[in-house]
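Here the structure comes first, spelled out in structure tokens, and everything after it is commentary.
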Amino acid sequence: MTQVRVRFAPSPTGFLHIGGVRTALFNWLFARQQKGVFVLRIEDTDQSRSTDESIQAIIEGMKWVGLDWDEGPYRQTERMDIYRSHAMKLLEKGEAYWCICKAEELDSRRKEAEAKGLSQKYDGRCRDRGLTNPTGDAALRFKAPQEGETVVDDLIKGKIVFDNNVQDDLIILRSNGYPTYNFSVVVDDSLMNITHVVRGDDHLTNTPRQVPIFQALGFPVPQFGHLPMILGSDKARLSKRHGATSIMAYKDMGYLPDAMLNYLVRLGWSHRDQEIFTRQELIEKFSWKNVQTSAAVFNPEKLLWVNAEYIKISPPAQVAQALVPLLQAAGLGGEVQNVSAVWLVQLVVLVKERVKTLVEMVDWVRPYFGQTVTYDEEAAKKFLTPAIAPILAKLLTRFEAIPTFSKQQWEGAFKQLVEEEGVKMGQLAQPVRVTLTGRATSPGLFDVMEVLGRDRTLFRLRQGNERASQA
RNA sequence: GUCCCCAUCGUCUAGCCUGGCCUAGGACAUUGCCCUUUCAAGGCAGUAACACGGGUUCAAAUCCCGUUGGGGACACCA
């Protein structure tokens with residue numbers, strides 16, 4: 001059994017797209033399951049569109065979601081000599097030819113053909129002219145077979161048959177000497193011994209173009225697998241107008257990397273009725289057989305739910321760690337420095353059941369920093385009334401009488417007072433909630449007190465009582 | 001226009017390969033109820049789908065053909 005070698009080969013023309021992450025994920029899962037090798041290759045042969053910032057963005061994104069690669073990142077622009085020498089081999093073998101048709105001419109001929117409703121493929125006018133390239137500005141075309149058929153046995157879609165007579169003689173070296181995509185991928189996939197080429201559905205029709213090049217070069221043809229596309233809610237290919245598509249944008253919006261991967265893998269793959277998978281489970285259970293053949297609509301609502309699940313089930317310490325940068329971004333950097341890691345974890349536990357993103361968590365957690373609390377005016381007006389002040393004062397006295405905080409004891413004292421005063425639980429609970437958190441909604445009161453600690457609880461109770469009596 | 005892919009609730013999907021167990025299962029969203037000190041979470045229940053038309057068969061969501069619809073590709077982009 002030869003070792004499985006797969007790759008993720010993005011072109012650095014922007015941020016790392018969530019569709020790209022999904023493609024990388026399927027490759028990565030297969031590599032890890034098969035104890036194979038996962039290669040990262042940057043396809044930057046288009047000089048006008050590739051940028052170094054994009055390369056950094058890809059690396060940053062891959063690292064954030066934790067898809068680690070074993071080889072690379074390779075950069076195609078560092079391998080130019082390799083492509084050229086292989087192109088020359090094809091020329092020598094008579095499998096390629098120089099073409100002096102100008103780009104503009106080809107363009108207008110294509111448009112003409114389109115208008116007449118004819119085939120848009122290259123008419124092959126330079127094919128048998130035996131041209132040389134003395135001025136160095138000709139393009140090199142591959143002599144694509146025009147008879148028979150090319151059969152691809154796709155890992156996901158099964159057997160697909162293409163007629164060779166529709167295939168174009170595609171350009172493999174541009175007039176500027178740079179290789180084109182369909183040529184450089186073939187050379188790289190061959191030289192990097194890629195055994196399984198798994199990429200997006202949009203590359204499906206590139207496959208019958210590439211297969212003959214593998215063969216002409218004398219390389220074995222790898223297995224292919226084409227992942228269905230991700231669509232927006234209008235069933236059009238997912239793009240910016242459907243919302244955020246950059247993986248790092250989701251980091252900023254408070255999503256956990258594991259949640260992103262879990263959602264993305266379920267978009268096109270399934271294992272019975274299971275929704276939530278650990279990475280290890282994914283590696284074990286992944287199978288091409290269970291990859292969907294049809295495109296999937298990206299559903300932000302479900303992503304949100306998956307994220308909420310991960311906030312609940314992930315180790316709180318891990319969530320706390322992911323939360324810190326967002327707290328800093330929200331201007332709570334100073335406060336975070338003054339608290340212990342243990343307390344921060346406690347805080348996460350306090351609110352994790354009630355939020356769907358880390359950004360929401362930042363908001364929920366805000367009242368627990370600092371000595372005093374800022375009231376939501378509407379809540380204060382509604383609950384911190386003169387009528388409640390005397391009861392609040394009694395509660396304060398009873399709490400003060402208990403020397404150390406104990407959830408059971410404080411809750412007992414609270415309930416006893418409620419009974420004695422003949423009020424409903426909520427009549428006292430809401431005012432207390434506002435005194436402690438400044439808001440009308442919060443986690444359970446006694447959990448809040450525990451996180452606040454005895455001193456701050458009493459302090460805020462006094463503060464609230466003052467406000468109530470003056471109202 | 002040519003070539004290719006695809007088709008189960010609004011969405012992600014199970015089932016399809018190896019027809020009967022499907023009165024089509026789960027999840028998100030949505031509606032109602034329960035729990036409840038608020039907000040969530042949780043629990044229970046409900047609405048909701050085999051695109052259409054022909055075959056094959058005792059039997060079709062499942063196999064075959066066609067139609068329709070959606071998507072992709074047809075660059076000196078990747």
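Numbered from 1 within each chain, the chains take letters A, B, ... in sequence-line order. Basis for what follows: all heavy atoms, side chains included, without hydrogens, waters or symmetry-related copies.
- Nucleotides B:G69 and B:G32 are separated by 36 Å at their C1' atoms, to the nearest Å.
- One C1' atom belongs to B:A29, the other to B:C16, and the distance between them is 27 Å to the nearest Å.
- Checked against A:Met260 for a side chain to side chain contact (heavy atoms under 4.5 Å, CB included), the options A:Leu303, A:Leu25, A:Val21 give a single hit: A:Leu303.
- A:Asp188 places a side-chain heavy atom less than 4.5 Å from the side chain of A:Arg79.
- Listed pair A:Thr180 / B:C76 fails the phosphate criterion, with no side-chain N or O lying under 4.0 Å from OP1 or OP2.
- Counting atom types as modelled, A:Asp201 pairs no side-chain N or O with a base atom of B:G72 as donor and acceptor under 3.5 Å.
- Proximity note for A:Thr205 (side chain, C-beta onward) versus B:U38, B:C4, B:G26: the nearest is B:C4.
- Of all nucleotides present, only B:U2 satisfies the Watson-Crick or G-U wobble test against B:A73, with each distance under 3.5 Å.
- Pairing partner, B:A45: B:U31, with both Watson-Crick or wobble hydrogen-bond distances short of 3.5 Å.
- A donor N or O paired with an acceptor N or O is found under 3.5 Å between the base of B:A78 and the side-chain atoms of A:Asn206.
- When both distances must be under 3.5 Å, the Watson-Crick or G-U wobble mate of B:U68 is B:A7.
- The base-pairing partner of B:A61, taking Watson-Crick or G-U wobble contacts with both distances under 3.5 Å, does not exist among the strands shown.
- For A:Glu275 against B:G26, a side-chain-to-base donor-acceptor contact under 3.5 Å is present.
- Look at the C1' atom in both B:C28 and B:C9: the space between them is 12 Å, to the nearest Å.
- Atoms NZ (A:Lys235) and P (B:G70) sit 11 Å apart, rounded to a whole Å.
- Atom CG of A:Asn290 and atom C1' of B:C17 are 12 Å apart (whole Å).
- The salt bridge (charged side-chain N to carboxylate O under 4.0 Å, His left out) test with A:Asp169 singles out one residue from A:Lys121, A:Arg127, A:Arg125, and that residue is A:Arg127.
- Counted by atom type alone, A:Thr207 and A:Arg199 present one or more donor-acceptor pairs between their side chains at under 3.5 Å.
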